Amino acid sequence: MMREFAAGVGTLLRGFRMWKSHTRLLALGLIPAFIAWAVLLAAIVPLLIWLGDITDWMTPFADGWTAPWQGILRFGLGAVIVVAALALSAAVFTALTLTIGDPFYQRIWKGVERSLGEDPTGESGFWSTVGEGIRLITMGVLVALLTLMIGFIPVVGGVTASIIGVILNGRLLARELTGRAFDARGVTGHSRSGMLRTGRARVIGFGVATQLCFLVPFGAIVTMPAAVAGSTLLAHDLRRRAAYGGQGAQEVAKERRTKPSATPPADASAEAPGQGARTAVIPAATQPNATPPAPPPPPASPRA
């Protein structure tokens, strides 16, 4: 499992290496990423400025607490709020960037497909992209709320909420980013879910690495084009694995169908070894269909 997780992280690194071979192509994705980053920054900065007032408003029962318990409670609550906000911001940033820059990112994943020796045939429409973005934001809100609730668990809540939030949100990001490469090959619905489920550790590794890069200052801008390229590579790997697994299963089934069965005995009525010996020791009177013995002759009559 850890090897698959590391392979997912390596897939994002392969996407970053695309900057060297496809510099001009990936540079197209910087513009929509910067616009989405600026919009989110305008929402997060006020949250950080008023974070103290928000935590005070959420914990009026702690106004009479003595130090240091009041500060510990409100600091922990503020940290949980920031973690939940960052988890939501990753989903919002991805959805907003893909929606704004859909024409640019389509050129990126198509260029990556061609570099793999394949000819992309599909194309996602604008309203399909909007629908996927709304779904991603909705799931991101649910993950943020779950992270916020877990954060209230005493002692371990903050760390646990951070880990769970990063994992769940990473999986959401990976699913959304691979959507276009899957759509281009007609992989939708149950088939797509099956591929993502089969490579769950690799998908989570890619998504977690992408989200952590988003948290680096200005990292989201540079990471987004590489994440689109890496997600195309990830979808290609998952489709190849599914095709290889299906081909292997078909070969095994074919071999089982064509395997000759055991040769039956030449004479089915022949007795098994030892059967005749067992029959020989059975008294004739007790053997089925045996001829009963003749009755004894009547006694001779005495002479007068």
Side-chain angles (χ1 to χ4, degrees), residues 2 5 9 33-99 133-177 200-201 203-224 227:
M2 292 304 300
F5 184 90
V9 177
F34 178 79
I35 296 174
W37 177 82
V39 171
L40 281 178
L41 187 65
I44 291 178
V45 169
L47 174 65
L48 298 177
I49 294 175
W50 296 327
L51 185 61
D53 296 334
I54 294 174
T55 55
D56 293 345
W57 172 76
M58 294 180 66
T59 57
F61 55 87
D63 290 341
W65 289 15
T66 58
W69 305 114
Q70 182 190 77
I72 292 175
L73 173 67
R74 289 176 173 171
F75 176 81
L77 177 60
V80 171
I81 292 175
V82 171
V83 170
L86 292 177
L88 178 60
S89 65
V92 174
F93 171 79
T94 303
L96 188 60
T97 305
L98 292 178
T99 302
I134 293 174
R135 186 190 65 82
L136 177 61
I137 293 175
T138 302
M139 297 300 296
V141 171
L142 296 178
V143 171
L145 291 176
L146 178 62
T147 303
L148 190 61
M149 288 188 294
I150 295 175
F152 285 106
I153 299 176
V155 183
V156 297
V159 176
T160 305
S162 301
I163 295 174
I164 293 178
V166 169
I167 292 175
L168 293 179
N169 216 51
R171 190 177 185 279
L172 287 177
L173 293 180
R175 184 182 180 89
E176 176 65 20
L177 288 168
R200 182 182 291 109
V203 171
I204 292 176
F206 174 82
V208 168
T210 301
Q211 185 178 10
L212 293 179
C213 290
F214 282 176
L215 300 179
V216 178
F218 299 100
I221 301 175
V222 181
T223 301
M224 192 62 193

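In this text, all values refer to a predicted model and were calculated from it rather than measured experimentally.
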**Item:** Distance-minimising heavy-atom pair for G165 and T147
**Value:** CA-OG1, 3.6 Å

**Item:** Any L86 side-chain heavy atom under 4.5 Å of S89 side chain
**Value:** yes

**Prompt:** Roughly how far, to the nearest 0.5 Å, is the CG atom of L77 from the CD1 atom of I81?
**Reply:** 4.0 Å

**Message:** Ignoring hydrogens, what is the shortest heavy-atom contact between V166 and Q211? Give both atom names and the distance.
**Reply:** O-OE1, 3.0 Å

**Request:** For the pair V143 and L172, evaluate side chain to side chain contact (heavy atoms under 4.5 Å, CB included) and give the outcome as yes or no after the intermediate values.
**Result:** CA-CA 10 Å; V143 171; L172 287 177; 3.7 Å; yes

**Message:** Strictly distance-based, threshold 3.5 Å: is any side-chain N or O of T55 a donor or acceptor partner for the main-chain N or O of G52?
**Reply:** yes

**Request:** Quick one: closest heavy-atom pair of L73 and A62, and the distance?
**Result:** CD2-CB, 3.7 Å

**Complete:** Residues G205 and V9: closest non-hydrogen pair is O-CG2, 3.6 Å

**Item:** Pairwise distance CD1(I44) to CZ(F93) - rounded to 0.5 angstrom
**Value:** 10.5 Å

**Item:** Residue pair V83 / V80, side-chain heavy-atom distance below 4.5 Å
**Value:** no

**Message:** Once salt bridge (charged side-chain N to carboxylate O under 4.0 Å, His left out) is applied, do any residues pair with R74, and if so which ones, sequence neighbours excluded?
**Reply:** D56, D63

**Item:** Straight-line distance of T223 OG1 to L215 CG, nearest 0.5 Å
**Value:** 10.0 Å

**Prompt:** Counting heavy atoms not belonging to F5, are there more than 12 under 6.0 Å from its CZ?
**Reply:** yes

**Prompt:** Parallel, tilted or perpendicular for W37 and F218, by the 30°/60° rule?
**Reply:** tilted

**Heavy-atom side-chain proximity of L146 to L168 below 4.5 angstrom** = yes

**Asked** Rounded to the nearest 0.5 Å, how far does CD1 of I54 lie from CG of L48?
**Response** 9.0 Å

**Message:** Any heavy-atom pair between the side chains of L98 and E176 that's under 4.5 Å?
**Reply:** yes

**Spacing of CD1 belonging to I164 relative to CE belonging to M149, to within rounding of 0.5 Å** = 11.0 Å

**Prompt:** Shortest non-hydrogen contact from A33 to A220?
**Reply:** CB-O, 4.5 Å

**Message:** To the nearest 0.5 Å, what is the distance between CG on L177 and CZ on F206?
**Reply:** 5.5 Å

**Request:** Considering non-hydrogen atoms only, spot the tightest contact between N169 and A90 and give its length.
**Result:** ND2-CB, 3.4 Å

**Item:** Full working for side chain to side chain contact (heavy atoms under 4.5 Å, CB included) between M224 and T94
**Value:** CA-CA 8 Å; M224 192 62 193; T94 303; 4.1 Å; yes

